[in-house]
Amino acid sequence: MHPVITHSWNVTEAEARRIQRELAQKVELADRLPDPVRLVAGVDAAYETDGDRMFAVAVLFDADTLAPLETVEAEGVSPFPYVPGLLSFREIPILQTALAKLSQRPDLIVCDGQGVAHPNRLGLASHLGVVFDVPTIGCAKTRFVGDHGPVGNSRGDFAPLMLDGDEVGSALRTQDGVNVLYVSPGHRVSHATARDWVLKLAPNFRLPETTRAADHAVNALRQRVLTQNSGKNS
DNA sequence: GCGACAG
DNA sequence: ATCTTGTCGC
């Protein structure tokens, strides 16, 4: 069958945090995206309930029509435990495996998680962006760090997310009356551009189409693999 | 010491 | 993230 690749960082938590502070110096908060952004990708990961297998998918979208163009999958073994603040060390390896399978390189990648809204200013989106030198946006469903004031009740309303005096993201309302999303620049994208893209990618629902598609696909993959495995006879 | 804590 | 039933609302 397909080989299950075991990625490993071989780093301790302290070393991981040192790497973050190092890579955080390379994060660019100014816009530096392809002239017209044509391809946007969404990525997501899922895990085996008990065990260390994990899955990931990358879904490529036409940035203009928001039509899904390609979906690729990856399966592997968790290389790092979940530790708040070190999520990228757990998901980047398999996300890289999935992204490498795309037939075209995305102009922008939207991640499930934070960008620079992170203790060391290097959440998953920023880490991914720096190591692949690709524009990224962090779009999380819940807050991780920072604080913000009240947000209007209408789509497009937002409040700056502040951390230690720095603006690290936005609490953004993508639909009237729904809970806000925590949007932060990953790499080579400004705060305003990050918000604009998330709003454009979420015309009908709270979450961006990229996130919805990736989440749906990765859960389908997980279900598919784990259920056929439960009825095995090797 | 206590509380918080992306996915 | 994952485990889970019913239930409120358009």
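Both backbone and side-chain heavy atoms feed into the values below; hydrogens, waters and symmetry mates do not. The sequence lines fix the lettering, A, B, ..., with proteins before strands; numbering per chain opens at 1.
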Requested in this report: Quick one: the dot-bracket string of DNA chain C, using Watson-Crick and G-U wobble pairs with both distances under 3.5 Å, [ ] for crossing pairs and | for bases paired to another strand.
Outcome: ..........
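In this structure, A:L86 reaches the bases: a heavy-atom distance under 4.0 Å links it to at least one base atom across the strands shown. Among the heavy atoms of the strands, none lies under 4.0 Å from A:A45. A:G85 comes within contact range of at least one nucleobase, with a heavy-atom separation under 4.0 Å.
Within the 4.0 Å cut-off from OP1 or OP2 of B:dA6, not a single side-chain nitrogen or oxygen of A:K141 is found. For A:T142 and B:dG7, the shortest distance from a side-chain N or O to OP1 or OP2 is below 4.0 Å. Taking only side-chain nitrogens and oxygens, A:R143 never comes nearer than 4.0 Å to OP1 or OP2 of B:dA6. Contact annotation: A:T49 does not reach the phosphate of C:dT2 (side-chain N/O to OP1 or OP2, under 4.0 Å).
A:R224 CZ: more than 12 foreign heavy atoms inside a 6.0 Å radius.
Under the stacking criterion of a centre-to-centre distance below 5.5 angstrom and an interplanar angle below 30°, A:Y82 sits stacked against the six-membered ring of B:dG7. A stacked arrangement is not assigned to A:Y47 and the six-membered base ring of C:dA1, the conditions of a centre distance below 5.5 Å and an interplanar angle below 30° not being jointly met.
Using a 30° and 60° split on the angle between ring planes, A:H127 and A:F89 fall in the perpendicular class, above 60°.
Aromatic ring centres of A:F132 and A:H187: separated by at least 6.0 Å.
Here C:dA1 presents its P atom at 15 Å from CD1 of A:I94, a figure rounded to the nearest Å.
Comparing B:dA6, C:dC3, B:dG7 against the side chain of A:H118 picks out B:dA6 as the nearest. Proximity note for A:R222 (side chain, C-beta onward) versus C:dT2, B:dG7, B:dA6: the nearest is C:dT2.
Here the shortest heavy-atom pairing between A:V40 and A:T210 reads CG1-CG2, 4.0 Å.
A side-chain donor-acceptor contact under 3.5 Å links A:S78 and A:R90.
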